[in-house]
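Written out below as structure tokens is the structure these notes cover.
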Amino acid sequence: MDTLWDNIEKLSAVCRVADAHLPDEELKALQVGKVAEEAGEAMHALHGLKGLTTCGDDHTWSEVQNDLVGSVIAALLAMHYIDPTGARATFDEIIHRRTRRGREAATFAST
């Protein structure tokens, strides 16, 4: 997981240079919006996969996955923009809390 966060930190540094003209709070807000944009692209690809678009786009599960990863990257970048020094710890804390039921169910099932 360190490699993922190392890559996020490198990407964040590149993006911050490119967006240096923006105030920090605006940059944070725009990055949170980017998460929604990427998730919307995944949904559009899913609609295309199921033949539900009016524009005739054909999509694959691979494209859906690509857009989902884009959403994850955008979300992790947003977390890093919000708290560059604490994003990793915050992520670990939240994922531990949000996956508690799964861990408990797995423990119960193995006994």
One should read off an interatomic distance between Asn7 CG and Leu76 CG, to the nearest 0.5 angstrom, of 11.0 Å
On a heavy-atom basis, the closest approach of Ile8 and Leu77 is O-CD2, 3.7 Å
Checklist line | Donor-acceptor pair, side chain of Asn66 and main chain of Ser62, under 3.5 angstrom | finding: no
Looking only at heavy atoms, the pair that brings Asp67 and Ala45 closest together is OD2-CB, 3.8 Å
Worksheet item: Just wondering, are more than 12 heavy atoms of other shown residues or ligands nearer than 6.0 Å to CZ in Arg101?
Response: no
Rounding to 0.5 Å, atoms CG (Asp19) and CG (Leu27) come to a distance of 5.0 Å
Next on the checklist: Just so I know, are the side chains of Arg16 and Asp24 near enough to count as touching, which here means a heavy-atom distance under 4.5 Å?
Outcome noted: yes
ask   = Quick one: do the Arg88 and His80 side chains pair a donor with an acceptor below 3.5 Å?
value = no
Check whether Glu38 reaches the backbone of Ala74 with its side chain - one donor and one acceptor, N or O, closer than 3.5 Å.
no
Rounded to the nearest 0.5 Å, the CD atom of Glu63 sits from the CG atom of Leu46 at a distance of 11.5 Å
Looking only at heavy atoms, the pair that brings Ala78 and Val35 closest together is CB-CG2, 4.4 Å
- [ ] Could you tell me whether His21 atom NE2 has more than 12 heavy atoms of other residues or ligands within 6.0 Å of it?
- [x] yes
Tightest non-hydrogen contact, residues Ser71 and Ala39, listed as OG-N, 3.1 Å
Shortest non-hydrogen pair, Ile73 vs Leu11, comes out as CG2-CD2, 3.8 Å
Applying side-chain hydrogen bond (donor to acceptor under 3.5 Å, both in side chains) to Arg100 and not counting sequence neighbours gives Glu104
Check your understanding: Does the ring center of His59 lie less than 6.0 Å from the ring center of His47?
Key -> no
So CZ of Phe91 and NE2 of His96: to nearest 0.5 Å the spacing works out to 13.0 Å
CD (Glu26) and OH (Tyr81) are apart, to the nearest 0.5 Å, by 12.5 Å
- Message: Assigning hydrophobic clusters by single linkage (Ile, Leu, Val, Met, Phe, Trp, Tyr; side-chain heavy-atom cutoff under 4.5 Å), is Val72 placed with Val32?
- Response: no
When rounded to the nearest 0.5 Å, the distance separating OG of Ser12 from CD of Gln31 is 8.0 Å
* Within a reach of under 6.0 Å around CZ of Arg103, are more than 12 heavy atoms found that belong to other residues, nucleotides or ligands? -> yes
Q. Are Lys28 and Asp83 ion-paired here, with the side-chain N under 4.0 Å from a carboxylate O?
A. no
| Can Met43 be reached from Val69 by stepping across I, L, V, M, F, W or Y side chains whose heavy atoms are under 4.5 Å apart? | no
Is Glu9 reaching over with its side chain to a backbone N or O of Asp6, donor-acceptor style, under 3.5 angstrom? no
